[in-house]
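These notes concern the structure reproduced below.
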Amino acid sequence: MAPNQLQPPRGTHDLIGEDFARHQHVIDTARRIARLYGFAEWATPIFEDTRVFSRTLGDTSDVVTKEMYTFEDRGGESVTLRPEGTAGVCRAFVSNGLTQGNLPRKVFYAGPMFRYERPQKGRQRQFHQIGIEVLGAAEPLADAEVIACGWHIQRELGIEEGTVLEVNTLGDAPSRDAYRAALVAYFSAHREALSAESQVRLEKNPMRILDSKEAQDRALVADAPTIFAQLTDEARVFFETVCAHLERLGVPYRVNPRIVRGLDYYSHTAFEFVTERLGAQGTVMAGGRYNGLVEAMGGPPTPSVGWAAGIERVAMLLEAVGGAPAAPRPVAVIPVGDAAEAAALDVLQALRSAGVVAEIAYKGNLKRRMERANKISARYAVILGDAELAEGRVQLRDLDSGTQESVLAAALPARFV
RNA sequence: GCGGCCAUAGCUCAGUUGGCAGAGCGUCGGCUUGUGGUGCCGAAUGUCACGGGUUCGAGCCCCGUUGGUCGCCCCA
């Protein structure tokens with residue numbers, strides 16, 4: 001790289017060639033499957049009033065203090081590049097007056113997100129997510145369908161064998177409060193055995209001890225109480241119903257009582273599709289129920305559930321199973337001489353009108369244009385010069401077999417349908 | 001924000017105790033003025049990431065910066 005050459009900003013990357021093909025295939029597939037489940041696509045702004053995020057995150061977490069792209073615009077308003085998709089969808093749901101009637105509202109989205117973090121594989125400062133939300137549904141069937149849709153997308157992409165679905169329940173508010181107290185009691189009794197970091201967590205966010213990576217913590221966590229003893233009857237039945245629906249829908253899962261969420265508006269279902277293949281950033285798709293979020297955004301109580309998936313991480317799994325389907329191979333139209341070049345335009349338009357991918361090299365003699373045809377992976381070459389022109393015919397060359405035949409120009413498009 | 005490792009041609013990489021900057025692939029040209037993909041011949045391409053230091057001499061040793069990578073923190 002030349003000394004003064006501009007580099008992309010840290011933690012950003014260009015999507016070109018195969019990278020873009022995989023990225024787009026993930027979005028296309030997710031969009032298609034989400035539609036099967038009745039989701040409609042929304043596009044919301046990639047920056048929002050900072051309060052859209054700070055209001056829902058609290059103000060003590062690292063999330064707010066150091067990981068958001070927040071700045072003042074020229075009018076002095078504090079705006080933030082969206083770090084995730086759910087908050088913006090909920091804001092739009094409220095802003096557009098959709099909170100009453102016609103519920104649930106089922107939303108799909110895809111687009112860039114921004115988090116100011118130290119980059120590592122599968123974790124960039126600008127990254128991309130797909131996600132779905134069901135807004136205004138309190139029933140466990142919604143949770144099960146949301147999960148099933150995510151699993152269906154992975155299956156359609158062919159990556160489902162690389163991931164495992166883990167589900168848990170965070171219970172309702174009384175369950176959660178009782179569990180938090182039980183956890184604090186348990187870990188406080190073993191305080192000296194905890195890692196230094198987990199001793200801090202014990203004060204700030206005790207549930208996070210459950211997914212600590214420290215070996216000394218994991219031993220304690222293995223024997224820690226799970227939430228199941230603290231669940232209210234209602235919360236337990238809710239979770240059992242979600243699981244029963246998943247089984248009926250044919251979605252394989254395992255219960256992992258150590259899945260947690262940090263914020264209070266989460267309740268009941270929490271789930272993650274995880275993989276061993278991406279190192280420390282192994283969560284491919286994560287979601288859950290957030291009955292309190294729309295309310296925090298200024299709307300009415302709106303029980304909701306959804307998930308988001310990192311497109312880059314999904315694309316890495318996709319690469320491991322062969323990548324995106326190949327693009328259709330074009331037909332290369334190759335004129336010889338000026339008169340033929342003009343006539344080639346008619347051939348091109350006829351082919352494209354028939355839905356055939358067709359290209360013409362902009363310069364070069366026959367040899368050069370044949371070489372070019374090869375570089376663009378053309379399947380056929382259509383060659384026309386003065387001799388062909390005079391007869392209203394073209395040479396159709398199969399570039400894989402090398403065989404060539406004379407074809408009536410008018411009959412050409414029909415050869416490719 | 002913290003720590004380990006890394007940075008040489010478009011790509012993948014080699015480069016000996018510090019002594020002339022290399023290979024393969026790709027690219028371009030020719031063998032072939034109406035026929036590509038395979039073959040043969042030839043060519044171009046580098047502030048060795050950036051800045052400083054040590055040395056007669058630095059791709060190589062030292063310091064800093066930038067970027068990548070792996071882990072930690074965090075994970076909405």
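- Here the separation of C73(B) from U16(B), taken at their P atoms, is 39 Å to the nearest Å.
- Of the P atoms belonging to G22(B) and A43(B), the separation is 14 Å, rounded to the nearest Å.
- Across all strands, Ile334(A) comes closer than 4.0 Å to no nucleic acid atom at all (heavy-atom distances).
- Between the side chain of Glu67(A) and the base of A76(B) there is at least one donor-acceptor pair of N/O atoms closer than 3.5 Å.
- Between the side chain of Asn374(A) and the base of G36(B), at least one donor-acceptor pair of N or O atoms lies under 3.5 Å.
- Side-chain rings of Phe271(A) and Tyr253(A) stay apart, their centers remaining 6.0 Å or farther from each other.
- Looking at heavy-atom distances under 4.0 Å, Lys121(A) makes contact with sugar-phosphate atoms alone, never a base.
- Electrostatic pairing of Arg261(A) and Glu272(A) counts as a salt bridge here, judged by a charged N lying under 4.0 Å from a carboxylate O.
- Identified under the side-chain hydrogen bond (donor to acceptor under 3.5 Å, both in side chains) test for residues 407-417 of chain A, with sequence neighbours left out: Glu405(A)-Arg415(A).
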Identify each atom pair where a protein N or O and an N or O of nucleotides 24-29 of chain B are less than 3.5 Å apart, giving names and distance.
residue	atom	partner	partner atom	Å
C28(B)	OP2	Lys375(A)	NZ	3.1

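- Applying the side chain to side chain donor-acceptor pair (under 3.5 Å) criterion to Thr241(A), with sequence neighbours excluded, gives no partner residue.
- With hydrogens and angles left out, the side-chain atoms of Thr80(A) and Thr70(A) include a donor and acceptor closer than 3.5 Å.
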Scan the side chains in residues 206-214 of chain A for donor-acceptor partners under 3.5 Å anywhere in the protein, sequence neighbours excluded, and list what turns up.
residue	atom	partner	partner atom	Å
Arg208(A)	NH1	Asp211(A)	OD2	3.0
Ser212(A)	OG	Glu214(A)	N	3.1
Ser212(A)	OG	Asp217(A)	OD2	2.7

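- Remark: aromatic rings of Tyr116(A) and Tyr69(A) are close, center separation under 6.0 Å.
- Within the 4.0 angstrom heavy-atom criterion, only backbone atoms of the sugar-phosphate kind lie near Tyr266(A); the bases stay farther away.
- Sorted by residue number, the members of residues 278-311 of chain A with any non-hydrogen atom under 4.0 Å from RNA chain B read Gly279(A), Ala280(A).
- A donor-acceptor contact under 3.5 Å is not formed by the side chain of Arg201(A) with the base of C74(B).
- Side-chain atoms of Glu388(A) come within donor-acceptor range of the base of G34(B), with a qualifying N/O pair under 3.5 Å.
- Residue order along RNA chain B, read from the 5' end via each residue's closest nucleotide, puts Pro119(A) first among Pro119(A) and Asp211(A).
- A salt bridge is absent between Glu371(A) and Lys375(A): the closest approach of a Lys/Arg side-chain nitrogen to an acidic carboxylate oxygen does not fall below 4.0 angstrom.
- Here Glu388(A) does not pair with Arg393(A) in a salt bridge; the nearest charged N to carboxylate O distance is not below 4.0 Å.
- Remark: RNA chain B forms stems of 3 or more consecutive Watson-Crick or G-U wobble pairs, all pair distances under 3.5 Å, at B:1-7 with B:66-72, B:10-13 with B:22-25, B:27-31 with B:39-43, B:49-53 with B:61-65.
- Dashed line: the shortest gap from a side-chain N or O of Lys213(A) to OP1 or OP2 of C72(B) is under 4.0 Å.
- Under 3.5 Å, the side chain of Arg372(A) and the base of G36(B) form no donor-acceptor pair of N or O atoms.
- Closest approach of Ala138(A) to Pro303(A), counting heavy atoms only: CB-CG, 3.6 Å.
- Note on Gly11(A): only backbone sugar-phosphate atoms sit closer than 4.0 angstrom, heavy atoms only; bases stay farther off.
- Not one side-chain nitrogen or oxygen of Arg115(A) sits closer than 4.0 Å to the OP1 or OP2 atom of C74(B).
- For the OP1/OP2 pair of G68(B) and a distance below 4.0 Å, the side-chain nitrogens and oxygens of Arg10(A) include at least one atom meeting the criterion.
- A salt bridge is absent between Glu312(A) and Arg125(A); no separation between the charged side-chain nitrogens and carboxylate oxygens falls under 4.0 Å.
- Distances from the side chain of Glu84(A) to the nucleotides U32(B), C73(B), A76(B) place A76(B) closest.
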